Amino acid sequence: MTSAYSSWLIGGALLVALVGVVSAIRDRPMGPVLLTALALLEVALLVQAGMAVAGIGHVEEKATFIGYLAGTIVIPPAAVWWGRAERTRWGPGVIAVAAFTVAVMTGRLLQIWNGATP
């Protein structure tokens with residue numbers, strides 16, 4: 001896991017969150033743009049997970065790290081499921097909250113990776 005990759009991932013997640021907020025404000029249901037953005041975010045998270053698992057030996061708080069890592073991987077598919085079920089403006093709202101959550105959790109993963117304590 002590298003700081004540069006994680007920073008790009010956080011930026012991408014925040015961009016997806018912004019698109020979700022704009023869609024919710026415009027009262028639009030979740031469309032193909034948000035689905036594609038979430039799919040790309042999920043692929044990037046899986047790449048990050050692969051890098052993290054390869055170097056997990058140097059992490060001190062392994063259980064916390066694995067919990068955050070698993071959470072970041074599960075959130076986008078859950079958001080797609082919930083967002084598609086909710087055909088009102090709140091579907092994109094769910095996507096925005098999920099993407100923001102992924103950004104925050106990725107930041108915390110980076111802190112744990114670098115050995116920072118809360």
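Keep in mind it's a predicted model, so treat the numbers as computed, not measured. No hydrogens, no waters, no symmetry mates; every other heavy atom, side chains included, goes into these values.
Follow the hydrophobic side-chain contacts under 4.5 Å out from V102 and you reach F65 in the same cluster.
In plain terms, the two heavy atoms of S6 and T106 that are nearest each other are O-CG2, 4.1 Å. Residues G83 and I95 share a closest heavy-atom pair of CA-CD1, 4.5 Å.
Looking at residues two or more places apart in sequence or on another chain, you find a side chain to side chain contact (heavy atoms under 4.5 Å, CB included) between T64 and E61, Y68, I112. Considering only residues two or more places apart in sequence or on other chains, L46 meets the side chain to side chain contact (heavy atoms under 4.5 Å, CB included) condition with E42, I73. With sequence neighbours excluded, the residues forming a side chain to side chain contact (heavy atoms under 4.5 Å, CB included) with V47 are Y5, M51, listed by chain and number. Applying the side chain to side chain contact (heavy atoms under 4.5 Å, CB included) rule to W90 yields the partners E86, T88; only residues at least two apart in sequence or on another chain are considered.
Residue V74 belongs to no hydrophobic cluster, having no ILVMFWY side-chain heavy atom closer than 4.5 Å to its own.
At least one side-chain heavy atom of P76 sits less than 4.5 Å from a side-chain heavy atom of L45. Side chains of I75 and M105 form a contact here, defined as non-hydrogen atoms less than 4.5 Å apart. In this structure, the side chains of I10 and V104 stay at 4.5 Å or more apart for every pair of heavy atoms.
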Extract all donor-acceptor atom pairs below 3.5 Å that involve side chains of residues 14-36 and protein atoms in other chains or at least two apart in sequence.
{"unit_1": "S23", "atom_1": "OG", "unit_2": "V19", "atom_2": "O", "d": "3.1"}
{"unit_1": "T36", "atom_1": "OG1", "unit_2": "P32", "atom_2": "O", "d": "2.8"}

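If you take OG1 on T2 and CD on Q48, they are separated by 8.5 Å, rounding to the nearest 0.5 Å.
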